[in-house]
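Keep in mind that what you see is a predicted model, and the values were worked out from it rather than measured. Just so we're on the same page: letters track the sequence lines, and every chain starts at 1.
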Amino acid sequence: MEGTRLEKLQKLREKNLAYPYRFEVSHYIGEVRNKYEKPTNGEEVVVKGSVKRVSKTEEGFLVRLAENGVEMLVITEEELKTGQEYTLKGKVGRYEGKLCLYHASLETGGELQSIRLLKSSYDLEPEREEVSLGGRLVTLRSMGKALFGHLQDATGRIQIYLSKDTVGEDAFKEFEELVDTGDILGVRGRLFRTNTGELTVEVKSYTLLAKSLHAMPEKWHGLKDVEVRYRQRYLDLISNEEARRIFLIRSKLVQGVRNFLNKEGFLEVETPILQHVASGANAKPFLTYHNYLEQNLYLRIAPELFLKRLIVGGFNRVYELGKNFRNEGVDTTHNPEFTMVEFYVAYWDYTDLMDFTERLISHVLLSTIGTLKVNYKGREIDFTPPYRRYKYFELLKEKTGKGKDFFVKDLEGLRKLARDVGVPKADSLTHSKLIDKVFDLLVEDELWGPCFVLDFPRLLSPLAKTHREDPELVERFELFVAGKELANAYTELNDPIDQRDRFMQQLRENEMGDEEAMQMDEDFITALEYGMPPTAGEGIGIDRLVMIVAGVDSIREVILFPALRRL
RNA sequence: GAGCCGGUAGCUCAGUCGGCAGAGCAACGGACUUUUAAUCCGUGGGUCGCGGGUUCGACUCCCGCCCGGCUCACCA
């Protein structure tokens, strides 16, 4: 902690001003800005002005361009010189809320637009509306008898102006003495625009709502240290616009999923996370202990078997959006606790789900980012339905020239193939794992655009119903995007006798060394014995979907507090 | 679990061949009533991730450990 900030806090305590209980806020900051800043539409304009400052950013040079004192931002690849006058052509947009000319290039002729007029058409006059706002003071520029700063929350940022004239001599002096950047501040005053056109609160009175005892991260470069960004995510959210963007997308996306499913008549349910048998997926569970029951319990690896019990119970459409826990490694696409939505529909089969998935993804994308096309790792992904559909063994045949019979029946031949293509530990893997690994290695990475892979080998899918046309297959599909599995679905196995056989097969797989083979769940089989209607079910990985929608390549960037070792 | 890279002031980063620990921002003092990465003058600030070793001398070289990132293995 910083000594001088502690001293200021002490002075606040003496004046009984240290940590007030409440502050009446009229708007969140973003609301005020939205009210007076019209959305831009990419209009192309030519403007002329002199360069006040050039900053280097990831998007190019960020330039402050002034025409008779009125300013706008410009983002350009051109190397402009401070103090020089230029005519520039570009598209009108906003940069952190401020009017900005994007993709600006030098221009000789063209119809000139005055910056003042351009700004007045997008940035409306606030008519001295009175507002009361709270936020964190993130910048502060003191000029003796007046000062400017910016107040920020996750919805936006707004400039504040204080002078001896507006708040009075004593309050101004107190501000300079006791307030630092980083403090949470409440301000009341009237909105106006400065000479350069920036929306600003002319502060009549202010309240220091919480002192920050630590200095803020650097105002220009932000917080870069990824470890600090994950461990102290609040600092990331304060100082990095990108972090705020990602988690606002995540929130909207989750909301979009819920809205869509609710609209389609699904019931949102919650099933146990603490389970006696961790089944429903191939994964190693976390183990915990319940003192009163005097029993070990597992953290769920999937909600599947409970959701299907609810189908037995007559809830025809159910979903659960929540966390699963798998005791596995951590990398750019895996976190030990991750979020999935699983949903089940009585009387449907997996072909119904493919169409449904396309509709769901479309709805979610449009409601979060307003488009079906996203850029990911420098390539476009187009989610416009329909998605391509490939059969599992046809993809393998393309790559290996071998058909389904080879993979299902010729274990030794498969083992040799696996060795040849470089599957690690090919000598000790079980038959089903071998097929799975060969597929991963040869096919998966190439499935870039959204596509369904369907009709998986029965061996790999102990909960899926046997294919109506081929007893060696099941009615199952996975949705692949950017080489990663995003969703997994099947026509659910509802024959209890068959289900028991499949679990038994899993137990044998376990004995043969597959630690992740599924556990037998007798209670679930009992439920099936009472009769489960034909049902289709699907799970979608929310974290991965957010990664693609937000365009980031590490799962930790879309999880607020990712798993890290304790310091 | 393995390989590679990284950890230096509150933050972002330099640090040459082993020779007094550096800059910008932030902070502190001063000037400045429309600034906006404000500006100008001045000041303070370090367990160089931790622990050993080599050396007259280690941020720098060697060994071990901790934490993180990437790749791989495992997994969705």
Side-chain atoms of residues 76-85 of chain A: list all donor-acceptor pairs with protein atoms under 3.5 Å, sequence neighbours left out, distances to 0.1 Å.
{"unit_1": "A:T76", "atom_1": "OG1", "unit_2": "A:E78", "atom_2": "N", "d": "2.9"}
{"unit_1": "A:T76", "atom_1": "OG1", "unit_2": "A:A104", "atom_2": "O", "d": "2.8"}
{"unit_1": "A:E78", "atom_1": "OE2", "unit_2": "A:L106", "atom_2": "N", "d": "3.4"}

Looking at every strand, decide which applies to [X] at a 4.0 Å heavy-atom threshold: base, sugar-phosphate, or nothing.
X      : result
A:K98  : base
A:N335 : base
A:D180 : sugar-phosphate

What distance, rounded to whole Å, do you find between the two [atom1] atoms, one in [N] and one in [M]?
N     : M     : atom1 : result
B:C62 : B:G69 : C1'   : 25 Å
B:C48 : B:G15 : C1'   : 10 Å
B:G3  : B:C65 : P     : 11 Å
B:U35 : B:C13 : P     : 31 Å
B:A2  : B:G49 : P     : 23 Å
B:A38 : B:A31 : C1'   : 14 Å
B:G24 : B:C40 : P     : 11 Å
B:U60 : B:C17 : C1'   : 10 Å

Run the salt-bridge test on [X] and [Y] with the 4.0 Å N-O cut-off and return the result as yes or no.
X      : Y      : result
A:D180 : A:K211 : yes
A:E509 : A:K433 : no
A:K204 : A:E202 : no
A:D225 : A:R231 : no

Nearest-nucleotide comparison on RNA chain B, the residue closer to the 5′ end among A:R5 and A:L73: A:R5
Centroid separation A:F356 to A:F343 less than 6.0 Å: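 Here the rings of A:F343 and A:F356 have centres that are less than 6.0 Å from each other.
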Sequence-distant partners of A:R190, salt bridge (charged side-chain N to carboxylate O under 4.0 Å, His left out), two or more places apart: A:E130
Salt bridge (charged side-chain N to carboxylate O under 4.0 Å, His left out) against A:D455, all qualifying residues, sequence neighbours excluded: none
Write down the partner of [N] under the Watson-Crick or G-U wobble criteria, each distance required to be under 3.5 Å.
N     : result
B:A23 : B:U12
B:G44 : none
B:G3  : B:C70

Donor-acceptor pair (no angle test) under 3.5 Å: A:T4 side chain, B:A27 base: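 When only heavy-atom distances are counted, A:T4 does not reach the base of B:A27 through any donor-acceptor pair under 3.5 Å.
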Pair of N/O donor and acceptor under 3.5 Å linking B:C70 base with A:D331 side chain: no
Integer-rounded Å distance: B:A26 P and A:I238 CD1: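 The answer, rounded to whole Å, is 17 Å.
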Show the distances under 3.5 angstrom between N or O atoms of the protein and N or O atoms of nucleotides 30-35 of chain B.
{"unit_1": "B:C32", "atom_1": "N3", "unit_2": "A:G144", "atom_2": "N", "d": "3.4"}
{"unit_1": "B:C32", "atom_1": "N4", "unit_2": "A:G144", "atom_2": "N", "d": "3.2"}
{"unit_1": "B:U33", "atom_1": "O2", "unit_2": "A:Y161", "atom_2": "OH", "d": "3.3"}
{"unit_1": "B:U33", "atom_1": "N3", "unit_2": "A:D165", "atom_2": "OD2", "d": "3.0"}
{"unit_1": "B:U33", "atom_1": "O4", "unit_2": "A:D165", "atom_2": "OD1", "d": "3.0"}
{"unit_1": "B:U33", "atom_1": "O4", "unit_2": "A:D165", "atom_2": "OD2", "d": "3.4"}
{"unit_1": "B:U34", "atom_1": "O2'", "unit_2": "A:N195", "atom_2": "ND2", "d": "2.3"}
{"unit_1": "B:U34", "atom_1": "O2", "unit_2": "A:N195", "atom_2": "N", "d": "3.0"}
{"unit_1": "B:U35", "atom_1": "O2", "unit_2": "A:R141", "atom_2": "NE", "d": "2.8"}
{"unit_1": "B:U35", "atom_1": "O2", "unit_2": "A:R141", "atom_2": "NH2", "d": "2.9"}
{"unit_1": "B:U35", "atom_1": "O2", "unit_2": "A:Q159", "atom_2": "OE1", "d": "3.4"}
{"unit_1": "B:U35", "atom_1": "N3", "unit_2": "A:Q159", "atom_2": "OE1", "d": "2.8"}
{"unit_1": "B:U35", "atom_1": "N3", "unit_2": "A:Q159", "atom_2": "NE2", "d": "3.0"}
{"unit_1": "B:U35", "atom_1": "O4", "unit_2": "A:Q159", "atom_2": "NE2", "d": "2.5"}
{"unit_1": "B:U35", "atom_1": "O4", "unit_2": "A:T194", "atom_2": "OG1", "d": "2.9"}

Pair A:S279, A:Q519: side-chain N/O donor-acceptor within cut-off below 3.5 Å: no
Expected rows: protein N/O vs nucleotides 65-68 of chain B N/O, under 3.5 Å:
{"unit_1": "B:C67", "atom_1": "O3'", "unit_2": "A:R231", "atom_2": "NH2", "d": "3.0"}
{"unit_1": "B:C67", "atom_1": "O2'", "unit_2": "A:E227", "atom_2": "OE1", "d": "3.0"}
{"unit_1": "B:C67", "atom_1": "O2'", "unit_2": "A:E227", "atom_2": "OE2", "d": "2.1"}
{"unit_1": "B:G68", "atom_1": "OP1", "unit_2": "A:R565", "atom_2": "N", "d": "2.6"}
{"unit_1": "B:G68", "atom_1": "OP2", "unit_2": "A:R565", "atom_2": "NE", "d": "3.2"}
{"unit_1": "B:G68", "atom_1": "O4'", "unit_2": "A:E227", "atom_2": "OE1", "d": "3.1"}

A:K145: partners by side chain to side chain contact (heavy atoms under 4.5 Å, CB included), with sequence neighbours left out: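 With sequence neighbours excluded, A:K145 shows a side chain to side chain contact (heavy atoms under 4.5 Å, CB included) to A:K164, given in chain and number order.
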Distance test, side-chain N/O of A:K219 to OP1/OP2 of B:A26, below 4.0 Å: yes
